[in-house]
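One structure is given below, encoded as structure tokens.
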Number of protein chains: 2
Amino acid sequence: MASLGELERAVMDLLWAGHEAATANTLRDMLATSTEAKGDAAGHEGKELAVTTVLTVLSRLEKKGLVERERGTRPHRYQAVSSREEHTAELMHEVLGSAPDRAAVLAQFIGSVTESEAETLRKLLGHV
Amino acid sequence: MASLGELERAVMDLLWAGHEAATANTLRDMLATSTEAKGDAAGHEGKELAVTTVLTVLSRLEKKGLVERERGTRPHRYQAVSSREEHTAELMHEVLGSAPDRAAVLAQFIGSVTESEAETLRKLLGHV
DNA sequence: TCAACTTTTCTACGATCCGTAGAACAATGA
DNA sequence: TCATTGTTCTACGGATCGTAGAAAAGTTGA
């Protein structure tokens, strides 16, 4: 109930990266130039999208609770409801929460974490 | 690229729970009775599905790499490729992996973990 | 070997989601 | 008030999923 499409994700990435509230037009331009000019790998973006397209995805993202907009200003300004980190962590909890044996999942999870991440975790858990 | 539909999930739950390889017929019966007779909350299951329906989802799950089948025996027998825990942990890694700042996500994640889970994690990380 | 039955594969349809955008409507500025 | 800019409505095509019939393939008792 919170999976994103490719364009939706691209928009969230911009909102998360930028980040102050942005208008649909700004986002359209950003989408047109982002990841472009790299000439390298699969140039995902670089398409000149119609503004209505951007507005549609923004509405959908709003409905999903990922984005909120200021309706006061005229060109509405959109921003992410939570940071990418919060959102991602929340997703992780969602995934974890759907399991009957959380401890076992955590064990499995920790088992395949890089050493540096393990170190990060140890610090975060600050075992006294 | 690994999100499951409602029925697909129900089938995986059975394969993960039961858990020896099962035939499509067995699964159909299990789906019909599982979560039924509870008369309580939303009785999700309890539908008598057509066997072909079950076979279809099993094929799709196979294509997704979540299920494998023994083609030798005649009623093919299906089983989960990995345990629910492995799968869930993998999903968590997938979610985490898509973030630029993994450490920040982990911090956020740890921040909202229950104390008992924090304890579990400390043990798993075996300080020192 | 053949008919009857079981199992699997093929094909398909409706619902929902997502990318995409035109048409229509609303606000704003001159 | 009119032209411009921004927003909402409506819609369509592709993909995924629940659902299952039709057809093909395999199995088995006689």
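Within every chain, numbering begins at 1; the chains are lettered A, B, ... in the order of the sequence lines, protein sequences first and strands thereafter.
- To the nearest 0.5 angstrom, L125(B) atom CG is 5.5 Å from R122(A) atom CZ.
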Next item on the list: Report the C-alpha distance between Y78(A) and L61(A) in whole Å, list the side-chain angles of each, state the deciding distance to 0.1 Å, and finish with yes or no for side chain to side chain contact (heavy atoms under 4.5 Å, CB included).
Entry: CA-CA 10 Å; Y78(A) 298 78; L61(A) 288 170; over 6 Å; no
Check: Do E20(B) and R77(B) pass the salt bridge (Lys or Arg N to Asp or Glu O under 4.0 Å) test, and can you show the C-alpha distance, the side-chain angles, and the key distance before you say yes or no?
Finding: CA-CA 9 Å; E20(B) 282 304 299; R77(B) 301 180 72 76; over 6 Å; no
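- The side-chain heavy atoms of V113(B) and H93(A), taken from C-beta on, include a pair separated by under 4.5 Å.
- A side-chain N or O of T26(B) and one of T23(B) form a donor-acceptor pair less than 3.5 Å apart.
- Using a 4.0 Å cut-off between a side-chain N of Lys or Arg and a carboxylate O of Asp or Glu, E8(A) and K63(A) do not qualify as a salt bridge.
- Atom CZ of R69(B) and atom P of dT7(C) are 14 Å apart (whole Å).
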Are any protein N/O atoms closer than 3.5 Å to N/O atoms in nucleotides 1-6 of chain C? If there are, list each pair with its distance.
none

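- In this structure, L55(A) atom CG and dT10(D) atom C1' are separated by 15 Å, rounded to whole Å.
- Taking atom NZ of K63(B) as the reference point, atom P of dT9(C) lies 12 Å away to the nearest angstrom.
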Next item on the list: Could you go through the side chain to side chain contact (heavy atoms under 4.5 Å, CB included) check for N25(B) and V54(B) one step at a time?
Entry: CA-CA 8 Å; N25(B) 262 294; V54(B) 179; over 6 Å; no
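- OP1 or OP2 of dG6(D) has not a single side-chain nitrogen or oxygen of H76(A) nearer than 4.0 Å.
- Separating the CD1 atom in I110(B) from the CD atom in E117(B) is a distance of 9.5 Å, to the nearest 0.5 Å.
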Next item on the list: Encode nucleotides 19-30 of chain C as B, S and - characters from 5' to 3', where the letter depends on protein heavy atoms closer than 4.0 Å: B to the base, S only to sugar-phosphate, - to neither.
Entry: BBBBB---SS--
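- The side chain of R28(B) contributes no N or O atom lying less than 4.0 Å from OP1 or OP2 of dT19(D).
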